[in-house]
Amino acid sequence: MMAVTESQVLEALRQVADPDRGSDIVSLKMVSGVAVKDGHVHFTLEVDPARGAALEPLRQAAEKAVDRLPGVLSVTAVLTAHRPAPKAVSGGGAPGTGAPGAGKPAKAGVPGVAAIIAVASGKGGVGKSTTSTNLALAMAANGLKVGLLDADIYGPSMPRMMGLSGKPDSADGKRLDPLVNYGIKVMSMGFLVAEDTPMIWRGPMVMSALTQMLRDVNWGELDVLVVDMPPGTGDAQLTMAQSVPLAGAVIVSTPQDIALLDARKGLNMFRRVDVPVLGIIENMSYFCCPNCGHRSDIFSHGGARAEADKLGIDFLGEVPLDIAIRETSDAGTPITIHQPDGVHAQTYRAIAARVAEKIKAGGGRAAPRFVIE
Ligand code: ADP
């Protein structure tokens with residue numbers, strides 16, 4: 001089957017009219033960041049923030065129009081509200097050729113929040129949430145003002161790990177106040193829905209849930225907001241990576257998974273949306289016997305460091321498999337809080353310092369640029 005091309009995508013999108021402005025969305029320069037790869041199509045619809053949610057039907061219509069093209073396997077369209085003066089893709093021209101910085105679609109940041117970082121993993125169960133939590137707490141211990149956003153909406157674990165329950169209030173009647181424990185602000189879908197409610201999310205819902213947790217929450221002044229991403233590298237994750245103005249991403253992997261390339265997919269995903277990968281943390285790196293202190297490398301320790309070297313990204317540190325890490329997170333007093341002078345807390349603080357350093361070094365970055373493959 002013929003591979004679908006970018007110009008076919010744009011042609012299809014020319015058939016979609018913005019009902020309020022009486023022209024098609026390509027002519028209106030609303031379409032940008034078209035990326036086509038192996039039949040998977042992604043693009044962004046840039047919209048006036050004031051119209052935001054009202055344009056969901058238009059987003060869907062745009063997806064449908066592209067979906068009908070032969071050779072298209074999946075379509076993800078993302079609505080982005082941005083500051084004025086976008087440089088949009090024009091019909092025949094090569095997209096993405098605008099000079100860097102020349103009117104890139106800038107994703108509005110979250111006022112008061114200096115940097116947002118994502119913690120991601122190639123798959124579930126590698127300890128991503130445990131790492132996000134301890135990393136956030138370690139950053140706070142290092143003196144930063146920290147927020148923690150549980151975007152792992154499929155299995156929110158922050159309420160349990162952070163020892164928080166109850167529903168967020170809204171002091172101003174407009175925005176939700178995050179819950180606070182151990183000096184950091186936390187927002188999770190787990191606060192908003194009962195734990196046993198099955199959550200079925202579709203692309204646009206994921207987007208609006210995340211956007212709300214970012215923008216409709218009183219985060220106040222933060223040095224860093226740590227976002228615990230859902231596991232995996234599928235469309236939901238890509239959508240999130242695209243819709244959040246990320247300063248960078250941290251990848252969590254176990255030694256054996258990095259060998260299986262799961263984490264590599266994560267890397268590629270962030271590279272595609274031009275989010276800098278700050279580095280890899282190897283979790284469950286080796287096992288320390290709680291009885292005799294003997295260390296065993298159950299999962300061929302060191303895989304992540306070697307792999308990070310090969311991929312040219314930073315190795316941020318390794319955290320052993322230790323029952324105390326699991327027990328303390330499950331009990332709602334993460335190890336960084338429970339044993340602040342212990343070796344694990346020191347490890348997390350060292351990783352946190354490295355991450356903070358990297359954010360500073362790449363700080364003030366503008367929004368992701370879309371890489372056309
Ligand atoms: P993910 O978010 O990747 O699904 P979690 O952070 O929920 O993973 O961790 C999965 C399980 O592994 C949890 O029970 C957690 O307590 C445990 N765990 C995570 N990291 C470690 C570690 N370094 N040592 C021991 N247990 C860990």
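The residues of the chain are indexed from 1 along the displayed sequence. Indexing begins at 1, ligand by ligand and atom by atom, following the structure's order.
The closest protein non-hydrogen atom to atom 8 (O) of ligand 1 is Gly127 N, 3.0 Å. Of all protein heavy atoms, the one closest to atom 7 (O) of ligand 1 is Met161 CE, 3.7 Å.
Between Ile117 and Ile359 there is a side-chain heavy-atom pair separated by less than 4.5 Å. Using a 4.5 Å heavy-atom cutoff, the side chains of Thr133 and Asp228 are not in contact.
Ser157 does not count as a contact of ligand 1, since none of its heavy atoms falls under 4.0 Å from the ligand. Ligand 1 lies nowhere less than 4.0 angstrom from a heavy atom belonging to Ser132.
Clustering ILVMFWY residues whenever any of their side-chain heavy atoms sit less than 4.5 angstrom apart, transitively, puts Ile325 in a cluster other than the one holding Met161.
The shortest N or O to N or O distance between Val319 and ligand 1 is not under 3.5 Å. Any N or O atom pair closer than 3.5 Å counts here, and Ile325 shares no such pair with ligand 1. Polar contact with ligand 1: present for Gly125 (N/O pair, distance under 3.5 Å).
Within the 3.5 Å criterion, the main-chain N or O of Ala77 finds a donor-acceptor partner in the side chain of Arg59. The backbone N or O of Ser27 lies less than 3.5 Å from no partner atom in the side chain of Ser23, so there is not a single donor-acceptor pair.
Less than 4.0 angstrom separates atom 22 (C) of ligand 1 from at least one non-hydrogen atom of the protein.
Each of Thr347, Asn283, Thr336 was evaluated against Asn134; a single residue qualifies, Thr336, per the side chain to side chain donor-acceptor pair (under 3.5 Å) test.
When heavy-atom distances to ligand 1 are checked against a 4.0 Å cut-off, Asn283 comes that close only through its side chain, counted from C-beta outward. The part of Asp322 lying near ligand 1 is the backbone, judged by heavy-atom distances below 4.0 Å.
Ion pairing of Arg326 with Asp330 is present here, as a side-chain N (NZ or NE/NH1/NH2) and a carboxylate O approach within less than 4.0 Å.
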